[in-house]
2 protein chains.
Amino acid sequence: MGTRGVTIVDVAREAQVSRQTVSRALNGLPEVSESTRTRVVEAARRLNYRPNRAAQGLVRGRDITIGLVVHDLRNPYYPELASVLSRLAAERGWGVVLCDLGTDDAAAGARLADVLRRVDAVVGSVTPALTGASQSVPVVALDVEPVGSDEPAIAIDYAPGIAAALDHLVARGRRRIAMVDSSSTPSRRRLLYRAHLQRHGLAWDETSEVVSADTHLGGVEAATTLRRQCPDADAVLVFNDVIAVGVLKGLTRAGVAVPEELAVVGIDGLDIGTLVTPELTTLAIDRTALARHAIELVAAALGSPGDTAAGGARRVLVPTLVVRESS
Amino acid sequence: MGTRGVTIVDVAREAQVSRQTVSRALNGLPEVSESTRTRVVEAARRLNYRPNRAAQGLVRGRDITIGLVVHDLRNPYYPELASVLSRLAAERGWGVVLCDLGTDDAAAGARLADVLRRVDAVVGSVTPALTGASQSVPVVALDVEPVGSDEPAIAIDYAPGIAAALDHLVARGRRRIAMVDSSSTPSRRRLLYRAHLQRHGLAWDETSEVVSADTHLGGVEAATTLRRQCPDADAVLVFNDVIAVGVLKGLTRAGVAVPEELAVVGIDGLDIGTLVTPELTTLAIDRTALARHAIELVAAALGSPGDTAAGGARRVLVPTLVVRESS
DNA sequence: CTGAAAGCGCTTACAG
DNA sequence: CTGAAAGCGCTTACAG
């Protein structure tokens with residue numbers, strides 16, 4: 001907020017010219033004499049004048065800005081997304097303002113409210129706060145359930161991918177497949193894992209599931225917990241690649257051979273999976289496609305001509321199993 | 001740009017009320033009858049009305065937005081920085097718009113120009129384009145040379161850190177220390193490396209230096225090149241952790257024992273360094289401090305009261321050697 | 001080359 | 001509860 005008093009009229013007075021001359025001088029328009037320009041520039045600097053962007057924007061015409069709301073930018077999933085999204089937005093002349101909710105829920109709400117005031121639309125991970133905010137600007141939710149309302153959103157249908165991952169493990173002779181989740185309330189990914197095991201009559205009990213913090217350090221600990229809690233597990237599906245890489249490391253540290261003794265499969269398809277040894281098998285989500293869909297849905301929601309009919313308000317993405325060395 | 005004709009007066013006409021009533025109804029102010037409010041909301045939806053943010057901003061008073069310009073958001077160095085910076089900015093009520101220059105230089109210029117129109121100040125990696133732009137808004141340059149002009153900037157003084165890293169390697173008995181750089185024109189880090197070797201009479205020749213692409217894949221290749229080009233190297237300093245992690249992987253793949261046969265030291269202090277095996281020794285840059293300084297310099301440049309005197313326009317950060325397993 | 005006028009689209013007092 | 005007025009800070013024609 002903080003209004004900062006110095007306006008163009010102050011500069012005009014200081015430089016002894018009219019305010020439109022100030023505007024012209026400062027914007028480098030040709031029809032100003034050198035001496036006047038210098039005087040104006042000096043005056044502006046002396047007063048520490050900064051043009052008010054809102055006023056400039058108002059008169060220059062609308063420019064679109066979208067917000068990108070993420071849970072935690074430090075999960076490499078998001079920078080890749082942000083990178084593509086910002087490129088695609090730039091191609092349309094849109095700006096992107098970043099909103100990293102972080103782990104502190106109290107601050108997150110305020111941060112979200114703040115970003116909503118600055119943007120024409122929001123793309124982001126669904127949170128209760130975001131859902132409530134959909135009154136003020138259009139919201140394109142990322143990674144919602146494939147069924148549900150017809151709000152603009154991108155759903156990721158994990159069912160076939162998780163089936164493929166588990167089938168793959170079974171095909172390689174795994175019989176006791178555990179899961180590391182990122183929250184104590186079962187994620188959709190975990191529910192699909194359970195359903196698949198049950199449907200195929202595969203071994204499962206309470207010890208099959210471990211909850212981890214959503215960091216690679218969490219994964220390292222989860223590996224220990226898993227070995228203690230479910231010693232006969234010969235494979236593990238992990239909520240995401242960040243945790244999975246930690247699990248991999250925890251297992252290696254504990255002298256467990258991956259994949260021989262225990263196979264590991266992550267979800268997301270992050271680059272870091274190719275960085276570790278053994279390389280991580282993963283269920284990859286195409287973040288470029290995700291970003292592209294998000295931008296198109298924003299365009300449709302903003303009513304940009306030619307985008308409205310581009311395929312409905314809800315898109316569905318299907319992850320792909322990428323088999324590497326850890327399974 | 002794209003002006004989208006629907007304004008508050010259109011809605012007013014459609015709903016048969018005055019425009020200030022529209023404003024009140026849409027902003028949820030109390031003094032509007034329910035029936036009127038409904039009529040206005042309906043009209044607004046029918047016309048697909050979106051309030052013009054610039055106009056709102058103009059009347060509500062100035063709100064500050066800063067731009068964060070980075071080379072490549074996919075290098076984990078930047079998300080950590082962006083994350084902290086956006087948190088600190090939020091604490092001051094500032095917004096952060098993201099500008100990922102990417103690898104395509106042509107597009108980068110346009111993207112930069114675009115972001116400069118939307119922000120009150122810019123924080124970012126120095127590029128020629130950015131330097132030239134410092135006329136329009138204050139620029140706080142990140143990672144400049146410790147000497148130089150008095151523009152607002154944060155310098156990182158690698159000299160003591162690189163000395164410490166090389167001393168550490170020598171203390172561990174290394175006698176032939178190579179370097180992997182990220183560009184063919186020697187980086188400042190490489191120059192410091194050379195100077196230190198020379199000053200201490202350590203072995204060096206052209207084969208000591210390898211150039212790598214600035215990705216971990218580049219690092220993997222660089223490992224091969226290094227082994228071929230400089231087979232007697234027993235240690236290597238790498239331009240950054242992303243490349244270093246690739247080098248580590250390349251060496252492991254080639255059956256080279258790290259650190260026994262060849263020690264590896266990276267620069268940046270990224271989390272991924274603790275993720276790999278062996279864990280990466282690195283020269284860590286405190287990105288939280290970096291972000292904090294950047295925000296303070298922006299505040300000073302914008303003339304926020306109480307910040308101006310907070311310690312001059314140039315800050316210097318000194319990296320710290322973090323010895324882990326790879327050396 | 002420089003100034004007076006009009007207006008961008010909204011909100012905030014001020015009347016009624 | 002609703003409307004008429006004024007103004008946020010700038011730029012863009014339009015005169016001179």
Side-chain angles (χ1 to χ4, degrees), chain A residues 1-41 43-44 47-65 116-120 136-137 302, chain B residues 1-41 43-44 47-65 116-120 136-137 302:
Chain A
M1 270 334 131
T3 286
R4 218 201 8 41
V6 187
T7 77
I8 200 172
V9 282
D10 299 314
V11 179
R13 190 180 316 116
E14 176 85 5
Q16 317 248 47
V17 294
S18 72
R19 66 199 223 255
Q20 38 279 59
T21 300
V22 172
S23 175
R24 284 189 285 253
L26 259 30
N27 290 326
L29 299 191
E31 58 272 269
V32 178
S33 75
E34 236 1 272
S35 66
T36 309
R37 185 186 307 278
T38 325
R39 211 164 66 229
V40 170
V41 169
L47 298 178
N48 192 27
Y49 167 70
R50 312 267 175 224
N52 181 313
R53 270 178 315 99
Q56 289 184 141
L58 179 55
V59 68
R60 291 213 251 246
R62 165 174 294 250
D63 62 316
I64 292 178
T65 302
L116 286 170
R117 293 195 357 260
R118 326 176 90 101
V119 301
D120 299 290
S136 63
V137 299
L302 293 177
Chain B
M1 266 346 122
T3 286
R4 219 205 3 43
V6 187
T7 78
I8 199 171
V9 281
D10 299 314
V11 179
R13 189 181 316 117
E14 175 86 6
Q16 318 248 45
V17 295
S18 72
R19 67 198 223 253
Q20 37 281 60
T21 300
V22 173
S23 174
R24 284 188 286 253
L26 259 29
N27 290 326
L29 298 190
E31 57 273 270
V32 178
S33 75
E34 235 2 271
S35 66
T36 308
R37 185 186 306 277
T38 325
R39 212 167 62 233
V40 170
V41 170
L47 298 178
N48 191 28
Y49 168 70
R50 311 266 174 224
N52 181 311
R53 271 178 313 100
Q56 289 184 141
L58 179 55
V59 68
R60 290 213 252 247
R62 163 173 295 248
D63 61 318
I64 292 177
T65 302
L116 286 170
R117 294 196 356 259
R118 326 177 89 102
V119 301
D120 299 290
S136 63
V137 300
L302 293 177

Report the C-alpha distance between A:Arg50 and B:Asp120 in whole Å, list the side-chain angles of each, state the deciding distance to 0.1 Å, and finish with yes or no for salt bridge (Lys or Arg N to Asp or Glu O under 4.0 Å).
CA-CA 8 Å; A:Arg50 312 267 175 224; B:Asp120 299 290; over 6 Å; no
Polar pairs (N or O, both sides) under 3.5 Å between protein and nucleotides 2-6 of chain D?
residue: D:dT2; atom: OP1; partner: B:Ser33; partner atom: OG; Å: 3.4
residue: D:dT2; atom: OP1; partner: B:Thr36; partner atom: OG1; Å: 2.5
residue: D:dT2; atom: OP2; partner: B:Ser33; partner atom: N; Å: 3.0
residue: D:dT2; atom: OP2; partner: B:Ser33; partner atom: OG; Å: 3.4
residue: D:dT2; atom: OP2; partner: B:Thr36; partner atom: OG1; Å: 3.1
residue: D:dG3; atom: OP2; partner: B:Ser18; partner atom: N; Å: 2.9
residue: D:dG3; atom: OP2; partner: B:Ser18; partner atom: OG; Å: 3.1
residue: D:dG3; atom: OP2; partner: B:Thr21; partner atom: OG1; Å: 2.9
residue: D:dG3; atom: N7; partner: B:Arg24; partner atom: NH2; Å: 2.8
residue: D:dG3; atom: O6; partner: B:Arg24; partner atom: NH1; Å: 3.0
residue: D:dG3; atom: O6; partner: B:Arg24; partner atom: NH2; Å: 3.4
residue: D:dA4; atom: N7; partner: B:Gln20; partner atom: NE2; Å: 2.1
residue: D:dA4; atom: N6; partner: B:Gln20; partner atom: NE2; Å: 2.7
residue: D:dA5; atom: N6; partner: B:Gln20; partner atom: NE2; Å: 3.4

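- Partners of A:Arg37 by side-chain contact (heavy atoms from CB on, under 4.5 Å), not counting sequence neighbours, listed by chain and number: A:Ala25, A:Val32, A:Glu34, A:Val41.
- Nucleotide D:dC10 holds its C1' atom 13 Å from the CG atom of A:Asp10, rounded to whole Å.
- Put simply, CD1 on B:Ile8 is 11 Å from P on C:dT12, counting in whole angstrom units.
- Interatomic distance, A:Leu26 CG to A:Arg24 CZ, rounded to the nearest 0.5 Å: 12.0 Å.
- For B:Asn27, the side-chain contact (heavy atoms from CB on, under 4.5 Å) partners at least two apart in sequence or on another chain are B:Ser23, B:Leu29.
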Steps toward side-chain contact (heavy atoms from CB on, under 4.5 Å) verdict (A:Asn52, A:Thr7)
CA-CA 8 Å; A:Asn52 181 313; A:Thr7 77; over 6 Å; no
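- The CG-P distance, from B:Asp120 to D:dC10, rounds to 12 Å in whole Å.
- Put simply, B:Asn27 has a side-chain N or O that comes within less than 4.0 Å of OP1 or OP2 on C:dT11.
- Atom C1' of nucleotide C:dT11 and atom CG of A:Leu58 are separated by 12 Å, given to the nearest angstrom.
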Under the 3.5 Å Watson-Crick or G-U criterion, the dot-bracket string of DNA chain D, with | for inter-strand pairs:
|||.||||||||.|||
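- Here CD of B:Gln56 is found 9.5 Å from CZ of A:Arg117. Values are rounded to the nearest 0.5 Å.
- In this entry the distance linking CZ of A:Arg50 with C1' of D:dC10 reads 17 Å, nearest Å.
- Per the geometry, CZ belonging to B:Arg60 stands 13 Å off P belonging to C:dA13, to the nearest Å.
- Distance, A:Leu29 CG to D:dT12 P: 7 Å, rounded to whole Å.
- Residue B:Asp63 contributes atom CG, which lies 13 Å from atom C1' of D:dC8 at whole-angstrom precision.
- Residues in residues 8-20 of chain A take part in these salt bridge (charged side-chain N to carboxylate O under 4.0 Å, His left out) pairs, two or more places apart or across chains: A:Asp10-A:Arg13, A:Glu14-A:Arg46.
- For B:Gln56 and C:dG9, the shortest distance from a side-chain N or O to OP1 or OP2 is not below 4.0 Å.
- Annotation: side chain to side chain donor-acceptor pair (under 3.5 Å) contacts of A:Arg118 (sequence neighbours excluded): A:Asp114, B:Asp63, B:Thr65.
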